[in-house]
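Below: one structure, written as structure tokens.
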Amino acid sequence: MFDIDTIDTQQQSVTATICENARLYGATPERGEFDPREVWDRDDATDAVTEAFRTLAEGVGPDGTQLADERESLLWGFVNMLDAQVRRLDRSVDRLSPELRDLQSAQDGTEVKSRELELVTDRAQNLGDRRDAFETLRDLAADAYRAETGDVWRPRHGSNVSQTGKLTSAAIDARDFMRARKDRETRAHLPEGTLVAITGGKEVRDANAVFAQLDRTKAKYEDIVLVHGGGPGVERIAAQWAERNGVHQVVCKPDWNAHGRAAPFRRNDELLNLLPKGVIAFPGSGITDNLVDKAVKLGIPVMRAN
């Protein structure tokens, strides 16, 4: 950086030098000032996330070591770290919403009120842009997670949607989906289409049979939205199929904390409350049979697959 005391004022003014250094090295705006800085450098950020993910996948848990058993959990946590930033920035924008509404109502034509509104709007816009940047990075890492593990990344709670449209398929938590039906202004992207549920056991003899059945179902219902319990086996294979085919998902996970051993059966009730067009049932446990029996009683068609 330049030493202000040694600047040749015939070549560059003090003000110009300060502005140039702020542009080159960064200058954080004070409270009550607009933020003119770029939100991010997309290429540098995506390269950094890609390299960090690759390093974790290849270096921390190489095959033949015990840490290799922890690789999938570690990579899940990496994607979750980026998702946590998205959710934190979402909350920050939400906290500014009441202030924005109040300032809009308080506009009286004076310059003071107008500037206050402009500053808060600028702050909200910047936070939203940061949120979108982290969502893009999260989606990039989620795609790398699927390529590395063969599984679709999803948060432990809530939905995995992409407002910036980078995910090939959204995974909507069933509770979010039900709330969205009641509140059409929800921020989550409510998937429109024909709901089709799939269920089955943890042990799968032929994954291709699941793929083939879903392919046939999609040929019949091009706007299919897949509903499942987010578990292993048939449901995990179905989630992978949905991701590869750009099909949105509604995920009904058991709430073990709230319902204990009854959680899978209560989950079945929640899934059927979504009123799917039909249920594809592969062989499974008593929990699968319970879902099938309840669907039949509700008049929901069940297609038994092998």
Side-chain angles (χ1 to χ4, degrees), residues 39-40 42 44-62 65-95 127-177 179-180 186-189 191 226 228-232 235-240 242-244 246 248-258 263 267:
V39 174
W40 64 321
R42 178 184 292 267
D44 284 351
T46 54
D47 287 348
V49 167
T50 300
E51 181 63 20
F53 191 95
R54 186 194 63 78
T55 300
L56 285 174
E58 297 179 1
V60 175
T65 67
Q66 291 188 24
L67 284 185
D69 297 342
E70 306 297 329
R71 182 189 297 143
E72 183 170 344
S73 177
L74 181 67
L75 296 178
W76 182 94
F78 181 82
V79 185
N80 191 64
M81 172 191 68
L82 297 170
D83 184 63
Q85 286 293 101
V86 174
R87 295 174 187 270
R88 181 185 66 80
L89 289 165
D90 262 335
R91 292 192 296 270
S92 297
V93 175
D94 287 344
R95 284 194 292 269
L127 288 172
D129 289 344
R130 293 184 199 177
R131 176 234 176 266
D132 290 348
F134 273 108
E135 184 176 78
T136 299
L137 296 175
R138 181 207 63 188
D139 293 351
L140 176 69
D143 189 56
Y145 176 87
R146 181 173 65 83
E148 177 68 27
T149 67
D151 198 9
V152 178
W153 183 89
R154 289 191 296 270
R156 299 205 189 283
H157 304 286
S159 298
N160 181 26
V161 295
S162 181
Q163 293 184 17
T164 54
K166 301 300 180 184
L167 290 180
T168 55
S169 75
I172 311 295
D173 184 85
R175 297 171 185 83
D176 291 343
F177 186 86
R179 283 192 292 267
T186 180
R187 287 183 295 110
H189 289 190
L226 195 64
H228 60 84
E235 293 168 349
R236 177 171 293 181
I237 292 169
Q240 293 171 351
E243 182 72 15
R244 293 169 186 170
H248 291 310
Q249 306 168 57
V250 178
V251 184
C252 300
K253 292 184 178 180
D255 190 342
W256 298 98
N257 291 332
R267 183 275 314 280

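Atom set for the values below is all heavy atoms of this structure, side chains included, hydrogens, waters and symmetry mates excluded. All values derive from a computational prediction rather than experimental measurement.
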Which atom pair, heavy atoms only, marks the closest approach of Ala141 to Val79?
O-CG2, 3.7 Å
With rounding to the nearest 0.5 angstrom, report the CD to CG distance, Glu135 to Leu82.
11.5 Å
Rounded to the nearest 0.5 Å, how far does CG of Leu89 lie from CG of Asp129?
10.5 Å
Residues at least two apart in sequence or cross-chain that pass side chain to side chain contact (heavy atoms under 4.5 Å, CB included) with Thr50, listed by chain then number, are Leu140
Main-chain N/O of Ala57 paired to Arg71 side chain as donor or acceptor, under 3.5 Å
yes
Got a sec, which residues hit side-chain hydrogen bond (donor to acceptor under 3.5 Å, both in side chains) with Glu148, two or more places apart in sequence or on another chain?
none
Expected output: side-chain Trp76 to main-chain Arg154 donor-acceptor under 3.5 Å
yes
Supply the atom-to-atom distance Asp90 CG to Asp132 CG, rounded to the nearest 0.5 angstrom.
8.5 Å
Measure the spacing between CD of Gln85 and CZ of Arg131 and express it to the nearest 0.5 Å.
12.0 Å
Listed partners of Arg130 passing salt bridge (Lys or Arg N to Asp or Glu O under 4.0 Å), at least two apart:
none
By side chain to side chain contact (heavy atoms under 4.5 Å, CB included) - contacts of Ala263 (at least two apart)
Pro254, Trp256, His259
Could you note down all residue pairs passing salt bridge (charged side-chain N to carboxylate O under 4.0 Å, His left out) where residues 49-59 supplies at least one of them, sequence neighbours left out?
Glu51-Arg54, Arg54-Glu58
How long is the gap from CG on Asn80 to CG on Leu74, to the nearest 0.5 Å?
12.0 Å
Could you list the residues that satisfy side-chain hydrogen bond (donor to acceptor under 3.5 Å, both in side chains) with Asp151, not counting sequence neighbours?
Arg236
Do Asp143 and Arg146 sit within salt-bridge range, that is, some charged N less than 4.0 Å from a carboxylate O?
yes
Atom of Arg87, atom of Pro155 and distance for their closest heavy-atom approach
NH2-CG, 3.5 Å
Which atom pair, heavy atoms only, marks the closest approach of Glu235 to Gly230?
OE1-N, 3.6 Å
Could you pull out the closest heavy-atom pair between Glu72 and Thr149, with the gap in Å?
CG-CG2, 3.9 Å
My understanding is that only residues two or more places apart in sequence, or in another chain, count here; which of them pass side chain to side chain contact (heavy atoms under 4.5 Å, CB included) with Ala45?
Trp40, Leu137
How would you list, by chain and number, every residue that makes a side-chain hydrogen bond (donor to acceptor under 3.5 Å, both in side chains) with Gln240, sequence neighbours excluded?
none
If you compare all heavy atoms of Val39 against all heavy atoms of Ala133, which two are closest, and at what distance to 0.1 Å?
CG1-CB, 4.5 Å
All heavy atoms of Thr136 vs all of Arg42, minimum pair found to be CG2-NH1, 3.6 Å
side-chain hydrogen bond (donor to acceptor under 3.5 Å, both in side chains) involving Ser92 - partner list, sequence neighbours excluded:
Arg95
Taking only residues two or more places apart in sequence or in another chain, which ones pass side chain to side chain contact (heavy atoms under 4.5 Å, CB included) with Val93?
Leu127
